[in-house]
Peer 1: 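I have a structure I would like to understand better, so I am pasting it below and will then ask my questions one at a time.
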Amino acid sequence: MWSGANRAAEEFYAGLLQEFDENKKGIRKDPFIYEADIQVQLISKGQPNPLKNILHENETIFIVEKVPLEKEEPSPIEELQSEDTAISDLSTGENVGLLALPIGRARQLIGFYTMAHNPNMTHLKINRPVTALPPLWVRCDGSDPEGISWLGAELISTSSNITGIVLYMVTCKVDKNYSVNLEDLKKSHKKRHHLSTLTASGFARYELFKSTALDDTVAASQTTITLDISWSPVDEILQTPPLSSTATLIVKHDAAAVDGSIECLLTVRGDLDFAEQLWCKMSSSVISYQDLVKCFSLVIQSLQRGAIQPWLHSGSNSLLSKLIHQSYYGTMDTVSLSGTVPVQMLLEIGLDKLKKDYICFFIGQELASLNHLEYFISPSVDTQEQVHRVQKLHHILEIVVSCMLFIKPQHELLFSLTQSCIKYYEQNPLDEQHIFQLPVRPTAVKDLYQNEKPQKWRVEINSGQKKVKTVWQLSDSPPIDHLNFHRPDFSELTLSGSLEERISFTNMVTCSQVHFK
């Protein structure tokens, strides 16, 4: 029996070590397979992490799970049947996540990882000193009475020795009538770790706005505005964050949610010059390249004859503006309206107009000065770069309009958000999926959260050591992605229900230390 366990620990460690070494060398490969039914993959910093809702550290970890079954191509009849049964499968809470392992198998693998790193296990055929590997996390199927969804192991080490290991257990339940007491959590933590001092820090996330599809024919919008608040100490479960907390506002927008509103907020300016008025008419009436050529031909001919003497704003830099200025003196360059020239002319007058529109908005709303916007409106770069910079400015506009419409913050906050976006885009390329984070004073946003229920509320009890903690969390969405939780019928829910009234998910992270002697 022991010889079999020793061999298994040796093989498991060898596979982990090879995966770790190849990753350090930049060799990317598929997860390695252990004993035919287990796969292990190394998740590096910055990669999508299935533990992101549980772990807050952005670190490299091993994920251990069951090898997924290969799907066979369904027949047309099977496809129809699958559509009919999809809803019933979800409503029964049947575990269709095929990657999770039973708790016994998970504990066995954690045991192999622990044995391999224990310096007292000198009989194992492992090169010494043992290489300290990243933390190991195993998906569990939650079928045990405690509802364990993850088991984890993380080494305790000094600069030269592995001195012990921290074992983590994560449980998750659907619990509409949860009952937990902060003092009980503290007592349990002290008893488990035999420590007299501890701290309790809190975290709450408030979903200030989240747009959704109005019906099944329209894709769901992804605009979200959330407020993250951290504080310490915590006085009670579901405590409202005090005004001394640290708060951050995470704005992520979707263009479809604000495009119509932007049109309303960007009122038509009354000072449109000739080129801007021409662009407005052409954008609504020109439908072909031939239309484009004809329109510019008529304008140029009228300028050459002196039939029109239009006025322009100062600072216009388009080819058409240059021709208009020349017409004032009766001499004009010859322009061949062929190839991409007409399209380029249209693009240039459109860029000029958009820049002035955005300047009017940001300065009119007292969110930025002309100096702040100089990078985005500068004509000293090529046309393609000007387009990129105007796209960035439009994205900033969408972010600001989202907040103006959906949470109506104080002007001070809008100004800070605008400046934060401007600084980001002066140094980074356009990224419409970027989540803008803005540190804010809780007193400036207290009206947005103090009477609201949090989307997520968490307390972390710590004993002065980073790896020794107990975490309890309540959320309105499942923090575990591989388990299917039975949800109540939709008739039981209300659209405006609070966190307690809606379906609630509680999850607990506990840990214990084992020291190698």
Side-chain angles (χ1 to χ4, degrees), residues 1-55 58-74 94-118 121 123-128 130-144 148-155 162 165-170 172 480-484:
M1 172 181 167
W2 283 110
S3 60
N6 291 339
R7 246 187 340 268
E10 294 164 357
E11 293 174 2
F12 190 56
Y13 175 81
L16 294 176
L17 180 61
Q18 181 177 351
E19 187 86 356
F20 181 59
D21 286 341
E22 290 180 348
N23 182 268
K24 284 199 299 184
K25 295 175 183 176
I27 302 174
R28 300 186 64 83
K29 53 179 284 188
D30 294 332
F32 88 83
I33 306 301
Y34 175 73
E35 292 188 350
D37 63 330
I38 304 295
Q39 71 174 17
V40 183
Q41 58 181 325
L42 189 64
I43 305 295
S44 301
K45 291 182 180 179
Q47 292 182 312
N49 192 325
L51 286 158
K52 65 181 179 181
N53 290 322
I54 301 169
L55 297 179
N58 181 23
E59 58 183 16
T60 299
I61 59 173
F62 283 109
I63 297 293
V64 183
E65 54 200 5
K66 189 183 294 185
V67 173
L69 298 176
E70 293 186 7
K71 290 186 177 181
E72 297 181 0
E73 289 295 324
E94 180 183 350
N95 185 357
V96 296
L98 300 178
L99 300 180
L101 298 167
I103 188 64
R105 184 65 162 144
R107 285 188 169 130
Q108 184 186 53
L109 297 172
I110 293 289
F112 293 159
Y113 177 87
T114 305
M115 288 172 60
H117 285 97
N118 189 337
M121 295 284 180
H123 58 282
L124 294 181
K125 296 176 182 178
I126 296 175
N127 291 333
R128 307 289 174 172
V130 175
T131 300
L133 295 177
L136 183 86
W137 286 85
V138 186
R139 290 187 193 265
C140 304
D141 61 15
S143 59
D144 62 294
I148 298 174
S149 54
W150 287 96
L151 287 181
E154 183 175 3
L155 300 176
I162 299 173
I165 196 165
V166 179
L167 301 175
Y168 294 93
M169 182 174 72
V170 179
C172 187
I480 308 299
D481 62 1
H482 62 269
L483 298 182
N484 287 318

Peer 1: Rounded to the nearest 0.5 Å, how far apart are CD1 of I103 and CG of D144?
Peer 2: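 Nearest 0.5 Å value for the CD1-CG distance: 5.0 Å.
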
Peer 1: Less than 4.5 Å apart, side chain to side chain, heavy atoms only: is that true for L167 and T114?
Peer 2: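 L167 vs T114: side chains touch.
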
Peer 1: Could you go through R107 and V138, starting from their C-alpha distance and side-chain angles, then the distance that decides it, and tell me whether this counts as side chain to side chain contact (heavy atoms under 4.5 Å, CB included)?
Peer 2: CA-CA 9 Å; R107 285 188 169 130; V138 186; over 6 Å; no

Peer 1: Would you give the length of the straight line joining atom NE2 of H117 to atom CD of E154, rounded to the nearest 0.5 angstrom?
Peer 2: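 Separation between the atoms: 11.5 Å.
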
Peer 1: Under the side-chain contact (heavy atoms from CB on, under 4.5 Å) test against V64, which residue among L99, L109, L151 passes?
Peer 2: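 Of the listed options, the one satisfying the test is L109.
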
Peer 1: With a 4.5 Å cut-off on side-chain heavy atoms, are W137 and P50 touching?
Peer 2: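 Of all side-chain heavy-atom pairs linking W137 with P50, none is under 4.5 Å.
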
Peer 1: Taking S149 for its side chain and V170 for its backbone only, find out whether a donor-acceptor pair lies under 3.5 Å.
Peer 2: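 A pair under 3.5 Å: yes.
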
Peer 1: About how many Å separate CD1 of I33 and CD1 of I38, when rounded to the nearest 0.5 Å?
Peer 2: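 One finds 9.0 Å between CD1 of I38 and CD1 of I33.
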
Peer 1: Determine the minimum heavy-atom distance between P134 and Y113, stating which atoms define it.
Peer 2: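 Taking P134 first and Y113 second, the nearest heavy atoms are O-OH, 2.8 Å.
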
Peer 1: Can you check side chain to side chain contact (heavy atoms under 4.5 Å, CB included) on W150 and R139, steps first, answer last?
Peer 2: CA-CA 5 Å; W150 287 96; R139 290 187 193 265; 3.2 Å; yes

Peer 1: Looking only at side chains, do Q41 and E19 share a donor and an acceptor under 3.5 Å apart?
Peer 2: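 Looking only at side-chain atoms, E19 and Q41 do not form any donor-acceptor pair under 3.5 Å.
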
Peer 1: Kindly compute the distance separating CG (L133) from CD1 (I61), expressed to the nearest 0.5 Å.
Peer 2: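 Reported value, rounded in 0.5 Å steps: 13.5 Å.
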
Peer 1: At their closest point, which heavy atom of P102 faces which heavy atom of D141, and how far apart are they?
Peer 2: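 Answer, listing the atom of P102 first, then D141: CA-OD2, 3.4 Å.
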
Peer 1: Sequence neighbours excluded and cut-off under 3.5 Å, please list the side-chain donor-acceptor pairs for residues 9-16, or say none.
Peer 2:
unit_1: E10; atom_1: OE2; unit_2: K125; atom_2: N; d: 2.9
unit_1: Y13; atom_1: OH; unit_2: T131; atom_2: N; d: 3.1
unit_1: Y13; atom_1: OH; unit_2: T131; atom_2: O; d: 3.2

Peer 1: Can you tell me how far CG of N23 sits from CD1 of I43, rounded to the nearest 0.5 angstrom?
Peer 2: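 Going from the CD1 atom of I43 to the CG atom of N23 covers 9.5 Å.
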
Peer 1: Determine, stepwise, if the pair I63 / L51 fulfils side chain to side chain contact (heavy atoms under 4.5 Å, CB included).
Peer 2: CA-CA 9 Å; I63 297 293; L51 286 158; 4.0 Å; yes

Peer 1: Output yes when R105 and D37 qualify as a salt bridge under the 4.0 Å nitrogen-oxygen rule, no when they do not.
Peer 2: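 The answer is yes: the pair qualifies as a salt bridge.
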
Peer 1: Looking only at non-hydrogen atoms, find the nearest pair between A5 and M115 and report the distance.
Peer 2: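 For A5 and M115, the tightest heavy-atom pair comes out as O-CE, 4.2 Å.
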
Peer 1: State, yes or no, whether a side-chain contact exists between F32 and L42 at a heavy-atom distance under 4.5 Å.
Peer 2: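 SC-SC contact between F32 and L42 ruled out.
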
Peer 1: Give, for atom CZ of R128 and atom CE of M121, the distance between the pair rounded to the nearest 0.5 Å.
Peer 2: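 Taking CZ in R128 and CE in M121, the distance rounds to 9.5 Å.
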
